[in-house]
Amino acid sequence: MIKQLLQDYVSDLTGRNDIVIDVPPNPEMGDYSCAVAFQMAKEQRRNPLEVARELIAAMERSRPRLVERITNAGPYINFFVDGEAFAREALGTILSQDRGYGTLPPTGKRVIVEHTSVNPNKPLHMGGARNSILGDSVARLLRAAGYEVEVENYIDDLGIQFAEVFWGILQFGDTPEEKYDHFLGKLYIRVHETLTPELEGEIKRLNKEMEDPSSPHSAMARAIVERCVMAQLSSLKTLGIGFDILVWESDIVHAGLFDETFELLGESEDIVTEDDGPLTGCLVMKLGRVFPNMTNPDKVLIRSDGTPTYTAKDIALQMWKFGLLSRTLLYRTWDGTTMTSDNDGEPMDFGNADMVINVIGSEQSYPQEVVKRSLKLLGFDEQSEQSHHLAYEFVTLPDDSFSGRRGTWIGYTLDDVLSAGRAKALEAVTQRRSELTDDERGRIADVISAGSIRYNIARYAPEKKIVFRWDDALNLEGDSCPYVEYAHARCCAILRKAAGTYDHAACTFSYTHPKEWELVKALSEYPDVIASAAADKRPHYVTKYVNDISLKFNSFYNDLLVIGSDNEANRLALVDATRTVLANALRVLGIEPLEEM
RNA sequence: GGACCCGUAGCCUAGCAGGAUAGGGCGACAGCCUUCUAAGCUGUAGACCGGGGGUUCGAAUCCCUCCGGGUCCGCCA
């Protein structure tokens with residue numbers, strides 16, 4: 001908040017909109033700094049030092065709120081904040097807003113976040129989990145930033161990948177001896193081991209048949225997929241990840257959404273049906289103008305046999321998300337909190353988004369770009385602009401990739417990692433907290449294992465490849481979920497011991513120790529972190545921040561006594577504010593704050 | 001052939017609308033539990049920010065180029 005205040009202040013003073021407020025390398029130089037004098041001096045061909053002195057003189061005439069002193073170190077302008085006034089305002093805001101601290105005002109905009117959308121033929125492995133964790137974190141972030149968020153999972157129940165396991169079930173029987181998604185995943189490997197060109201033809205015919213609602217296989221296939229999706233969602237639920245709406249490809253087909261989209265596409269000048277050449281009979285999008293140098297600048301949307309390609313379906317789905325189609329889906333309840341599309345259901349208010357975020361691997365950047373451009377070609381400029389592909393790199397094993405067909409995911413499913421993590425966390429709690437009941441220790445282990453997996457994925461920038469290593473994934477020390485939870489639990493322990501013996505209305509908010517002061521400043525930045533993480537759709541800003549607060553708090557904790565100190569009431573207020581910020585930030589990351597561990 | 005992403009200490013990573021001494025973590029070494037939880041804290045060693053050019057008062061950050069790694073450019077899904 002103070003950074004923003006200073007930025008606005010310097011902007012007003014200089015009439016510039018490129019002001020950046022930094023933190024000086026050494027706290028003795030000031031709390032915040034600004035290097036405008038360099039820029040202005042360059043443009044005006046003047047001495048930067050002189051410019052800085054002039055600016056400071058102007059600032060002295062109407063000093064910004066909360067600033068006590070302004071000095072210069074060479075051409076750098078340094079601000080010293082009025083500690084007491086600042087702490088009163090910053091901590092006062094945190095303590096009074098409590099759980100609402102860091103929640104930004106409503107934007108009135110609806111955003112759809114599509115994530116997970118894994119084929120319904122296998123369990124989630126750590127690669128799929130990255131998608132879900134990223135998507136869920138971004139959804140929480142946007143909610144905190146004032147958006148109405150609708151979280152969607154697209155179920156590709158008509159894809160060839162599912163048809164392959166479906167064929168496997170017809171062939172080898174539906175006899176699961178383990179969690180259903182694991183059963184299907186292994187069946188899928190088996191099918192691929194026996195796959196021949198003739199079989200592929202047979203599976204294609206089966207795939208076609210599934211699309212026909214009057215075929216007996218249609219209903220059977222849907223029932224199997226539903227069972228698989230339930231299994232997949234139960235794994236995600238352990239991580240605190242859920243969906244508002246499941247959208248099924250079969251429902252989209254049968255509701256005529258593809259047909260309507262293709263009719264619209266056919267009206268565009270850049271989308272034509274070829275009548276000669278190798279693509280005769282195909283509906284083709286001409287991308288030569290937007291993507292020069294492509295080997296093949298013609299993107300097929302509808303094949304000569306009349307079936308739509310993947311990209312064409314993606315365009316239709318995107319159109320539905322923005323509410324651009326006149327035909328609509330119907331819905332029913334899937335479970336307590338999740339709805340699902342169902343053509344026998346009833347109308348509900350899904351779709352109609354102002355912004356769409358698709359969490360999809362970066363290898364699909366090109367088709368996602370085609371989707372975005374096609375909206376523009378159809379005249380939906382605004383929707384094209386508001387179509388965002390949140391791309392991320394894959395999770396791999398140290399010397400292999402995760403492959404559904406080859407089964408390299410076995411042993412690395414989300415369920416496997418969760419249970420290993422839980423065992424490790426349980427061992428750690430049991431060692432340290434023998435006085436707790438089994439239930440209490442179990443609950444802590446649940447939170448720590450789920451939180452660790454989330455944290456260890458969320459802390460990487462999306463464009464970084466992640467190599468899965470057990471030590472890393474289940475790390476309980478350092479920059480990790482337990483580290484942050486521990487700092488939070490320490491706050492709670494102090495507050496518990498003080499048991500409401502302080503009243504923050506009566507605090508003076510005077511802090512003299514640098515470790516107190518650094519914490520106050522960092523806590524005040526939380527809403528800015530939420531705002532920029534949401535704007536950039538990058539949850540790792542939050543893990544970074546929460547680690548930084550924990551680092552500062554633990555250092556404070558180690559050096560300074562709270563209860564029984566001569567600044568007890570003020571320190572209790574600081575601990576309370578730290579607790580609040582850590583808890584709120586953990587919730588944004590989908591991690592439940594622990595009061596003890 | 002073209003396009004996109006990544007390259008920061010032994011390992012992982014932040015910083016990349018240019019700003020003062022490049023943050024964290026793991027690992028290594030040396031310390032700290034009769035005071036609010038040691039899943040913690042403090043200190044030491046470790047970085048020519050992939051190489052080379054350029055722009056600038058100032059470059060990890062911007063531009064060019066090269067090298068290494070990954071991905072994409074199918075009537076596949």
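A note on names: the letters A, B, ... follow the listed sequences, proteins ahead of strands, and every chain is numbered from 1.
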Donor-acceptor pair between A/Ser250 and A/Asp157 side chains, under 3.5 angstrom: yes
Counterpart residues, salt bridge (Lys or Arg N to Asp or Glu O under 4.0 Å), relative to A/Glu114 (two or more places apart): A/Lys321
Rounded P spacing from B/A30 to B/U8 in Å: 29 Å
Distance in angstrom units between A/Arg469 CZ and B/G10 P, rounded: 16 Å
Euclidean distance for C1', B/C29 against B/G10 (whole angstrom): 15 Å
5' priority, RNA chain B, between A/Asp305 and A/Ala425 [closest heavy atom]: A/Ala425
Phosphate OP1/OP2 of B/U71: any A/Lys465 side-chain N/O under 4.0 Å: no
Sugar-phosphate, base or nothing in reach of A/Tyr310, heavy atoms under 4.0 Å: base
Inter-nucleotide P distance (B/C26, B/A3), Å rounded: 42 Å
Pairing nucleotide - B/U42, Watson-Crick or G-U, each distance under 3.5 Å: B/A30
Sugar-phosphate only, base, or nothing, as touched by A/Arg496 at under 4.0 Å among non-hydrogen atoms: nothing
Closest listed nucleotide, where the reference is the side chain of A/Ala428 and the choices are B/G40, B/C75, B/A39: B/A39
Atom pair distance, as rounded to whole Å: NZ in A/Lys497 and C1' in B/C36: 5 Å
Sugar-phosphate, base or nothing in reach of A/Ile160, heavy atoms under 4.0 Å: sugar-phosphate
Residue matched to B/G74 through Watson-Crick or wobble contacts both under 3.5 angstrom: none
Strand partner of B/G7, provided both Watson-Crick or wobble distances fall under 3.5 Å: B/C67
Side-chain donor-acceptor contact under 3.5 Å, A/Thr307 with A/Asp305: yes
Separation between the C1' atoms of B/C16 and B/G23, rounded to whole Å: 14 Å
Donor on one side chain, acceptor on other, A/Asp576 and A/Tyr502, under 3.5 Å: yes
Pairwise 5' ranking along RNA chain B for A/Phe556 and A/Asp559, keeping only the more 5' one: A/Phe556
Integer-rounded Å distance: B/G58 P and A/Asn47 CG: 15 Å
Sugar-phosphate, base or nothing in reach of A/Glu596, heavy atoms under 4.0 Å: base
Watson-Crick or G-U wobble partner of B/A60, both distances under 3.5 Å: none
Protein-to-nucleotide contact annotation, 5' to 3' order, nucleotides 15-21 of chain B [B base; S sugar-phosphate only; - none; under 4.0 Å, heavy atom]: S---BBB
Presence of donor-acceptor pair under 3.5 Å, side chain of A/Ser555 and base of B/C41: no
Value in whole Å for how far the C1' atom of B/C12 lies from CH2 of A/Trp470: 18 Å
Under 4.0 angstrom between A/Arg459 side-chain N/O and B/G25 OP1 or OP2: no
A/Lys299 to A/Tyr366 six-membered ring, cation-pi geometry met (6.0 Å, 45°): no
Chi class for B/C5: syn within 90° of 0, otherwise anti: anti
Pair A/Gln368-A/Asn358, side-chain donor/acceptor within less than 3.5 Å: yes
C1' atoms of B/C67 and B/G51, separation to the nearest Å: 7 Å
Side chain of A/Glu363 (C-beta onward), nearest among B/C72, B/C75, B/A39: B/C72
Nucleotide B/C5, atom C1' - distance to CD1 of A/Ile360 in whole Å: 17 Å
Mutual orientation of the aromatic rings belonging to A/Phe258 and A/Phe262 [parallel < 30°, tilted 30-60°, perpendicular > 60°]: parallel
Under 4.0 angstrom between A/Tyr557 side-chain N/O and B/A38 OP1 or OP2: yes
Atom-pair distance (OH on A/Tyr460; C1' on B/C11), nearest Å: 10 Å
Residue pair A/Gln161 / A/Tyr188, side-chain donor-acceptor N/O under 3.5 Å: yes
Selected nucleotide, minimal atom distance to A/Leu561 side chain, candidates B/C26, B/C36, B/C75: B/C36
Nucleotide paired to B/C49 in any strand shown, Watson-Crick or G-U, under 3.5 Å: none
Sugar-phosphate, base or nothing in reach of A/Pro278, heavy atoms under 4.0 Å: base
Distance between P atoms of B/A59 and B/G52 (Å, rounded): 15 Å
P gap between B/U61 and B/G50, integer Å: 8 Å
Watson-Crick/G-U partner (both atom distances under 3.5 Å) of B/U55: none
Paired nucleotide for B/A20 [Watson-Crick or G-U wobble; both distances under 3.5 Å]: none
Residue A/Glu393, side-chain heavy atoms: nucleotide from B/G40, B/G70, B/U42 that is nearest: B/G70
Separation of the P atoms in B/C62 and B/C5, to the nearest angstrom: 11 Å
B/A17: syn or anti, per glycosidic angle within 90° of 0: syn
Nearest-Å distance for atom pair CG/P, residues A/Leu476 and B/G25: 16 Å
Sugar-phosphate only, base, or nothing, as touched by A/Leu594 at under 4.0 Å among non-hydrogen atoms: nothing
Test item: side-chain donor near acceptor, A/Glu164 and A/Asn121, under 3.5 Å: no
Sugar-phosphate only, base, or nothing, as touched by A/Val284 at under 4.0 Å among non-hydrogen atoms: nothing
Whether A/Tyr392 and A/Phe394 hold their rings parallel, tilted or perpendicular, with breakpoints at 30° and 60°: perpendicular
Parallel, tilted or perpendicular: rings of A/Phe79 and A/Tyr9 (30°, 60°): perpendicular
Rounded distance in Å - CG (A/Asn475) to C1' (B/C12): 10 Å
N/O (side chain, A/Arg432) to phosphate O (OP1/OP2, B/A39) under 4.0 Å: yes
